[in-house]
Chemist: 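Below is one structure. I have some questions about it.
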Amino acid sequence: MKKGYGRKEFIINILSLVLLVILWHVLITLARNDIFNAPFIRLKDVPTPLETMNAFAGSLFAQTYGPALTYGIVDHVQASLERVIQGGIIAFIIGVPTGIGVGYSKLISNILNPVIEIVRNMPPMAWIPLAIFIFVAGGSIFIVFIGMVFPIILNTVHGVRSTDVRLIDAAKTLGASEAQVVTKVVIPTAFPSIIAGLRIGLGVGWMAIVAAEMVIRSPVGLGYFIWNMGDLGRYAEMVAGMLVIGVVGYIMNITILLLQKRFIRWVD
Amino acid sequence: MGRLVLKNVSRRFNGVIAISDLNLELKDGEFMCLLGPSGCGKTTLLRLVAGLDAPTEGELFLDGKKIEGVNKECGFVFQEYVLFPWRTVKGNIEFGPEVRMDGKEEREKIAQHYIDLVGLRGFEDHYPHELSGGMKQRVGIARAYANDPKLLLMDEPFGALDAQTRNLMQTELLRIWETEHISALFVTHSVDEAVYLSDRVVVMSARPGTVKEIFRNDLPRPRVRTSQEANALRDAILRSLGAEIKRAQSK
Amino acid sequence: MRNSLKILSVIIFAALIAGCIEPEPAVKSPEPVNLVKMSGQEMIQRLGTGDIAGFIMWEPYPAIAITRGYGKALLFSKDIWEDHPCCVVAYDYDWYKKTENADEILKRMALVQLKSVEYINNAKSLSSPDHEDLINFTMEFGGITDRAAANLSLGDVEFVYALNIQGAETFIGRIRDFGIFDLTKWNQSGYKDAKDYAGSLINSSYVEWAVQNREASLKAVALRQPVDIRYAYLINDIHELPFYVAWKKGWYKDAGINITLAEGTPFQNGAFEMQKGFKASAVDIGSLGIPPVIIHRINSNDFTTDDARVEVIAGMNNEGSVIVVANDVKSLKDLTGKTVGYPGQGTIQHVLFLMAAEKEGLKVVT
């Protein structure tokens, strides 16, 4: 296992982030003092990093104003994550067996391929209007499911199809039945691909949930939060929410990569 | 136990004749090497015996029983090891007993026995990618043995190893084979290897493959690779093989 | 492999359990009412299917839902706050600064408004010869297909041209109480208190001129040089009927004002009209709810250029919003733990619902 990430890389990464924040600050400050104005963009309305940080700190937890309760960013993150996990579990339970079937059996592949090929080209966002009207509850979870299930299916299919036929031969000569070939050879071979599919799917699902929450009605969720803050002209909170979406997405990705490294030790 | 009989076996692939009317008998407990030019159907022959492929014509018998479907009585050792990369050394060796539904204790006993036999004690929990080529093939051999086969099929098992390791592994194989005496059908490209290992050497003809000539090899074990008798046998085999290689190339 | 599969299944199982457990509400007792943003069409549909327990919305949506039998009126906005101001006519300060005769234009706008409101108030009476026309205008502008709904919705709205400074002040105070202002921005604005802000927001001089000239015909006081005004209004909001009637009847033209619709008109809500219309200088004059004006002149404003500064010159209506609930809901308390539709953060309906909830001691999540 080659490790290309050390102290030096870490410092470069941090520096680049710091530089980006400085650039952000300078750009907005210049725009606000009418020294530099970008065409077509009202840069001066964008909050500075400091304003964004203050807004983030100020809206991190739930607050009460008389009769009005506002959820904090932590509540919104929790709600969005729960939807992604719920949608993800359904996508996993349906996607992996489907992928194995399509990858392993020509018949299943021929039956399901047309459906998969058409439906997977319908982006999760395109389902939102329909989901609004046909789902009494769980519309946003459905959107996540649509976003996640195809990366999982396709990666599973890929993993299954990349099974070394010699491994199947070896298993057969060692006495494995057809079912055992699937459970003991095909699935383990596809496992890293399945996890990769899950990772890609989570990325898509995360984006989809945020989009879905902007339209599908629930009082809590990051997408809803951003939209609400936009309605109130509170751009700093809005940008803070956007950054939280990015950071949470990044953390999810890293978490799965780490789990992958920890549990899939046979791949070098 | 482990008597293999091939009767008028042919195998065609889309009109190409790989094996034509091949007759061969492997005696119980015999170590037989197969030599032949590239593409003469050696690997096809092994796959037919293993039941991974079916003959177009003819029949194969193991201990009088016709081979139909995957032959679970033979252990296959592959050239590129073909270990399960997600299983440890122990996990690979346990695969056969596991799919045969042996109990956990029984499995572990068998696995430990063969781990010891092939000299991998201390490496039980290593993954294949952590092992050298020679060690991987020890796992391959142990995995085949752990299934208690009547016949060992080996397809150039040492072809990917460097010369020194290869010599060492040949000696090791003989040691193991002598401990657990079963018939072995061993495909190789190396005449040296064939002379060092086998009881009989079969030279196959260029495609369509069939038996061209069979050499007896009664040299007493342990054999000395450079003895006069070994050299004489090697010369004879090389001449027979050389003619076939020329034929194959001129096609 | 075994182990990793085992661990993975444990993780999946854990996630499954976590997924099935409902999120702990941030505040548990008493259970809050959930206000959820949606369009008026959606409110009607969802109330009909039972997805929501009620909604608070401007007319005609309440009247449509009620005449279809989907629900009943629980509270009219006058029950929450009698004579509360609602929609107003406002102009963009940037436009004002660069327009030489802006004051003259605004005076005529106010006069047209006055005449239109008086016309509507007369025509509301069934005996009025104009009643039929008014119903038609209402149905056209409100997107209403049912005459009964049009009649019902007209009855809930009190059309006014006069300004209600006191009411604006109250709104400013409540908006502050409910945590809707961006406090940093509020501090930047420099307003001492609600009264100070209301005074700066509202300019009564145009309505005063209009009252003095109420007897004059529009053509008599028309601008000598006709001007083009980019006007904005809200979608299907019959609160803004005085504009629609005057426009259709050609009264603006009579006064020398050519109305063109500003880009983005009709807007989905006041927040959009403020941010994409007034702030972006795409709108010269427009009608919208007074809370979005109050909120965005603070929250969305760049105080170095005052780009979101708008000033209010005339009223449109008072009241005119209704809390409609499913037929089995008896009081506001029955809405706890349920979902209620509203048109969005910072709308008049948002503020009104919070006020109603406050009276009942309920909590509301938005």
Side-chain angles (χ1 to χ4, degrees), chain A residues 32-34 42 44-45 51 54-55 58 61-72 74-75 78-79 81-83 85-90 92-93 132-133 135-137 141 184 187-188 191 195 217-220 224 227-237 259 262-266, chain C residues 1 3-5 7-8 11-12 15-16 18-20 23 26-27 32 34-38 42 45-46 49-52 177-180 182 184-185 269 271-272 274-275 279-280 295-296 298-302 304-305 307-308 339 341 344-347 354-355 357-358 361-366:
Chain A
R32 287 192 184 172
N33 292 302
D34 271 326
R42 295 203 306 256
K44 56 188 181 174
D45 287 337
E51 287 165 1
N54 285 333
F61 300 105
Q63 278 164 328
T64 307
Y65 297 94
L69 306 177
T70 53
Y71 283 114
V74 286
D75 306 305
Q78 190 194 342
L81 272 181
E82 268 164 18
R83 292 183 186 126
I85 290 171
Q86 288 170 334
I89 288 170
I90 301 170
F92 193 83
I93 290 170
I132 286 177
F133 290 110
F135 281 92
V136 174
I141 293 170
K184 290 184 186 290
I187 292 177
F191 190 69
I195 297 300
R217 316 313 187 190
S218 153
V220 60
Y224 193 74
W227 206 233
N228 258 354
M229 289 303 117
D231 276 356
L232 290 179
R234 300 182 71 155
Y235 306 129
E237 278 83 356
L259 284 177
R262 171 77 184 71
F263 292 122
I264 308 183
R265 282 185 298 162
W266 64 84
Chain C
M1 183 60 209
N3 279 337
S4 49
L5 270 183
I7 292 167
L8 187 84
I11 292 173
I12 291 174
L16 207 71
C20 293
V27 184
N34 293 311
L35 275 194
V36 171
K37 179 180 170 178
M38 56 187 76
E42 205 184 329
Q45 191 190 341
R46 290 201 172 240
T49 55
D51 295 351
I52 55 175
D177 298 342
F178 298 151
I180 295 171
D182 180 338
T184 321
K185 285 290 178 87
N269 60 35
F272 271 10
M274 282 299 294
Q275 295 179 90
K279 183 178 165 74
I295 291 164
H296 288 277
I298 302 291
N299 284 5
S300 302
N301 198 22
D302 172 2
T304 59
T305 58
D307 57 357
T339 300
Q345 291 269 314
T347 55
L354 288 176
M355 289 172 72
E358 192 177 41
L362 301 178
K363 298 282 175 192
V364 181
V365 169
T366 56

Chemist: Can you tell me which of Met355(C), Met274(C), Lys279(C) forms the most heavy-atom pairs within a distance under 4.5 Å of chain A?
Modeler: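 When all of Met355(C), Met274(C), Lys279(C) are compared, Lys279(C) has the most.
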Chemist: Answer with side chain, backbone, both or neither: which region of Arg83(A) has an atom nearer than 4.5 Å to a non-hydrogen atom of chain C?
Modeler: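 Answer is neither: Arg83(A) stays 4.5 Å or more from chain C.
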Chemist: Checking Thr64(A) against Lys363(C) for the side chain to side chain contact (heavy atoms under 4.5 Å, CB included) test, could you report, in this order, the C-alpha distance in whole Å, the side-chain angles of both residues, the deciding distance, and whether it holds?
Modeler: CA-CA 9 Å; Thr64(A) 307; Lys363(C) 298 282 175 192; 4.0 Å; yes
Chemist: Is chain A contacted by the side chain of Asp177(C), its backbone, both, or neither, given a heavy-atom distance below 4.5 Å?
Modeler: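 Contact with chain A involves the backbone of Asp177(C) alone.
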Chemist: Name the member of Ala357(C), Gly346(C), Ala271(C), Gly179(C) that forms the most heavy-atom pairs with chain A at distances under 4.5 Å.
Modeler: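 Maximum pair count with chain A is reached by Gly179(C).
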Chemist: Picking from Asn34(C), Leu35(C), Thr339(C), what satisfies side chain to side chain contact (heavy atoms under 4.5 Å, CB included) with Val365(C)?
Modeler: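 Result for side chain to side chain contact (heavy atoms under 4.5 Å, CB included) with Val365(C): Asn34(C).
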Chemist: Check this for me: does any side-chain nitrogen of one of Lys37(C) and Asp231(A) sit under 4.0 Å from a carboxylate oxygen of the other?
Modeler: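 Looking at Asp231(A) together with Lys37(C), the answer is yes, because their closest N to O distance falls below 4.0 Å.
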Chemist: Go through the atoms of Asp307(C) and report whether side chain, backbone, both or neither lie under 4.5 Å from a heavy atom of chain A.
Modeler: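 When you check distances to chain A, only side chain atoms of Asp307(C) fall under 4.5 Å.
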Chemist: Heavy-atom cut-off 4.5 Å, strictly under: side chain, backbone, both or neither for Asp45(A) against chain C?
Modeler: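 Side chain of Asp45(A) only, per the 4.5 Å heavy-atom cut-off to chain C.
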Chemist: Hydrogens and angles aside, do Glu82(A) and Gln78(A) bring a side-chain donor and acceptor to less than 3.5 Å of each other?
Modeler: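 On atom types as modelled, these side chains qualify, holding a pair under 3.5 Å.
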Chemist: Do Gln345(C) and Thr366(C) have a side chain donor and acceptor closer than 3.5 Å?
Modeler: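 Judged by distance alone, the side chains do pair up.
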Chemist: Of all heavy-atom pairs between Ile180(C) and Ile295(C), which one has the smallest distance, and what is that distance?
Modeler: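 In terms of heavy atoms, the two residues are closest at CG2-CD1, 3.7 Å.
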Chemist: Relative to chain A, which segment of Thr305(C) carries a heavy atom at a distance below 4.5 Å: side chain, backbone, both, or neither?
Modeler: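 Contact with chain A involves the side chain of Thr305(C) alone.
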Chemist: Measure Ala280(C) against the heavy atoms of chain A and call it side chain, backbone, both or neither at under 4.5 Å.
Modeler: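 Both backbone and side chain.
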